[in-house]
Amino acid sequence: MAKVIIIGAGGVGTVVAHKCAQNPEVFTEIVLASRTRSKCEAIARKIGGGRIKTDSVDADSVEQLVELFNRHRPDIVINVALPYQDLTIMDACLECGVNYLDTANYEPRDEAHFEYSWQWAYKEKFEKAGLTAILGCGFDPGVSGVFTAYAAKHHFSEMEYLDIVDCNAGDHGKAFATNFNPEINIREITQNGRYYQDGEWVTTGPLEIHKPLTYPNIGPRESYLLYHEELESLVKNYPSIKRARFWMTFGQEYLTHLRVIQNIGMARIDEIDYNGMKIVPLQFLKAVLPNPQDLGENYQGETSIGCRIEGLDKDKNHLTYYIYNNCSHEAAYRETGMQAVSYTTGVPAMIGAMMFLTGKWVKPGVHNVEEFDPDPFMEQLNIQGLPWHEVKNIDLEV
């Protein structure tokens with residue numbers, strides 16, 4: 001018997017709930033909780049069969065989270081709420097003796113900045129409590145780290161160059177929309193880029209470095225260098241890496257809208273006075289933009305996310321290696337009612353919880369996904385809807 005609480009009823013939470021319900025031999029009891037219980041109830045009705053129980057919680061409140069965990073006594077919490085809430089949920093897990101998993105690292109609400117130091121600082125507390133905390137178990141971060149661990153285990157004696165490449169070649173028909181929480185998405189894209197080179201972090205301007213990369217089944221797409229949190233843990237856990245970068249595609253129309261949003265001050269995250277009220281411009285913008293949960297119905301095309309790695313193989317010969325997944329927006333919507341960006345994050349979160357509950361990823365402390373055995377996770381990717389492919393000795397383009 002294994003009981004899980006999913007916190008968050010957005011697009012990713014919807015996918016996690018669907019996928020947990022599809023695996024009743026592992027997830028015998030499922031509770032879906034968010035600030036707005038009616039959202040959870042709508043998801044539960046759509047899944048049907050009485051598989052999902054619902055509850056409400058303010059994930060900013062340790063007190064409410066403790067009350068929720070004590071009421072349901074879960075084996076693990078899948079945190080797909082906002083990154084601002086990671087630490088309150090981890091605090092509640094420690095107080096109640098509950099294991100933890102998330103898909104994105106902590107980010108302060110008042111600063112567009114993210115790094116793992118805040119959560120890594122919980123390592124000793126989770127060790128002493130005998131609890132496992134699995135960090136960054138979406139796709140990127142998440143599968144990107146598992147792909148890297150799989151490459152290190154099976155193909156490389158030394159990985160020297162790592163490029164994580166993320167392409168969304170889908171079309172949702174909207175003039176401007178973000179594929180996940182607009183507030184988090186825009187904060188991430190508009191800050192400086194950063195990559196790892198020869199033991200140091202190199203800072204670039206926002207979207208300053210870009211080049212066309214060719215994606216399987218998609219073709220060439222202009223790809224922009226961003227900072228992404230999994231780079232921080234991967235270069236720590238694989239010290240042979242000399243350079244690590246993250247690339248993501250954006251269309252010109254998207255970038256034009258983004259530039260206007262910044263120029264008119266709507267990307268600001270500080271409070272302003274409006275008719276005697278305090279509002280945050282980016283939070284107001286989020287309220288008027290299309291909800292990412294509503295994009296799936298008319299979404300066409302696919303995503304392609306993977307790792308391009310160069311180094312020495314097990315026999316010390318030069319090797320280039322590309323491992324990736326392509327995910328169809330249409331197929332994701334038919335299965336879960338959500339588009340592929342939510343699907344590619346939600347499925348790995350469920351698999352990570354499955355790895356813990358089946359005893360394959362149990363390690364007291366706070367750990368990134370690449371610190372666990374990649375093989376059982378990789379096997380489940382193929383079973384659960386995210387099949388992967390690998391190619392050797394090709395031009396990596398990076």
Side-chain angles (χ1 to χ4, degrees), residues 1-9 11-34 40 43-55 68-69 71-81 89 93 96-103 126 130-139 141-143 145-146 149-150 325 327 332 335-338 342-364 367-388:
M1 299 288 287
K3 189 172 193 176
V4 62
I5 288 183
I6 305 162
I7 299 180
V12 176
T14 300
V15 173
V16 175
H18 273 268
K19 299 305 288 192
C20 287
Q22 289 175 18
N23 291 274
E25 71 286 354
V26 176
F27 302 96
T28 51
E29 293 184 71
I30 306 163
V31 178
L32 178 62
S34 78
C40 302
I43 295 167
R45 283 194 300 271
K46 188 165 184 179
I47 293 171
R51 292 284 294 124
I52 310 289
K53 297 178 182 178
T54 66
D55 212 325
L68 176 76
F69 297 167
R71 189 160 59 247
H72 293 285
R73 306 307 304 173
D75 296 286
I76 191 169
V77 169
I78 301 177
N79 169 18
V80 285
I89 297 174
C93 284
C96 298
V98 178
N99 299 282
Y100 173 88
L101 179 146
D102 67 30
T103 62
F126 272 79
L131 298 172
T132 298
I134 301 170
L135 304 186
C137 197
F139 207 108
V143 175
V146 177
Y150 183 84
N325 161 265
C327 183
E335 182 184 346
T336 65
M338 294 294 122
S342 294
Y343 190 88
T344 54
T345 305
V347 173
M350 180 279 294
I351 295 175
M354 175 188 285
M355 292 296 98
F356 172 79
L357 294 171
T358 56
K360 297 178 177 68
W361 281 17
V362 178
K363 189 187 298 185
H367 305 282
N368 296 88
V369 294
E370 66 269 17
E371 297 176 61
F372 298 96
D373 182 7
D375 290 1
F377 190 103
M378 295 286 284
E379 181 183 358
Q380 285 298 322
L381 284 173
N382 285 327
I383 295 170
Q384 303 294 340
L386 292 175
W388 48 275

Heavy-atom pair with the smallest gap, counting every atom of Pro348 and Gly138: CB-O, 3.0 Å

Closest contact, heavy atoms only, His367 versus Pro364: NE2-O, 3.2 Å

Any donor-acceptor N/O pair, Asp102 side chain to Asn79 backbone, under 3.5 Å: no

Check: Arg51 side chain, Ala44 main-chain N or O, donor-acceptor pair, under 3.5 Å: no

Residue pair Trp388 / Met378: nearest heavy atoms and the distance that separates them: NE1-O, 3.0 Å

Option passing side-chain contact (heavy atoms from CB on, under 4.5 Å) with Thr103 (candidates Thr345, Ile78, Ile134, Val16): Thr345

Contact summary for Gly130 and Asn99, nearest pair of heavy atoms: O-OD1, 4.5 Å

Row check, Phe377 ring normal vs Lys360 NZ/CZ: under 6.0 Å, within 45°: no

N/O donor-acceptor pair under 3.5 Å between Asp375 side chain and Tyr150 backbone: no

From CD (Glu25) to CG (Leu357), nearest 0.5 Å: 11.0 Å

Sequence neighbours left out, cut at 3.5 Å: what donor-acceptor pairs do the side chains of residues 1-8 make with other protein atoms?
{"from": "Lys3", "atom 1": "NZ", "to": "His72", "atom 2": "O", "distance (Å)": "2.8"}

Minimum-distance pair of heavy atoms, taken over all atoms of Pro387 and Asn382: CA-OD1, 3.2 Å

Which atom of Gly13 lies closest to which atom of Val80, heavy atoms considered: CA-CG2, 3.7 Å

Distance, nearest 0.5 Å, that separates CG of Asn23 from CD of Gln380: 7.0 Å

Given Gln22, Lys19, Met354, the one that forms side-chain contact (heavy atoms from CB on, under 4.5 Å) with Phe27: Met354

Side-chain donor/acceptor of Trp361 to backbone N/O of Gly352, under 3.5 Å: no

Donor-acceptor under 3.5 Å (Lys46 side chain, Thr14 main chain): no

Euclidean distance, Thr336 OG1 relative to Ile47 CD1, rounded to 0.5 Å: 9.5 Å

Donor-acceptor pair, side chain of Thr132 and main chain of Lys363, under 3.5 angstrom: yes

From Ile76 atom CD1 to Met355 atom CE, the distance as rounded to the nearest 0.5 Å: 11.0 Å

Spacing of Phe139 atom CZ and Asn325 atom CG [to the nearest 0.5 Å]: 4.5 Å

Pro141 side chain near Val369 side chain, heavy-atom distance below 4.5 Å: no

Residues in salt bridge (charged side-chain N to carboxylate O under 4.0 Å, His left out) contact with Lys53, at least two apart in sequence or another chain: Glu29

Cys40 vs Asp55 side-chain heavy atoms within contact, under 4.5 Å: no

Nearest-0.5 Å distance that lies between atom CD in Gln384 and atom CD1 in Ile351: 5.5 Å

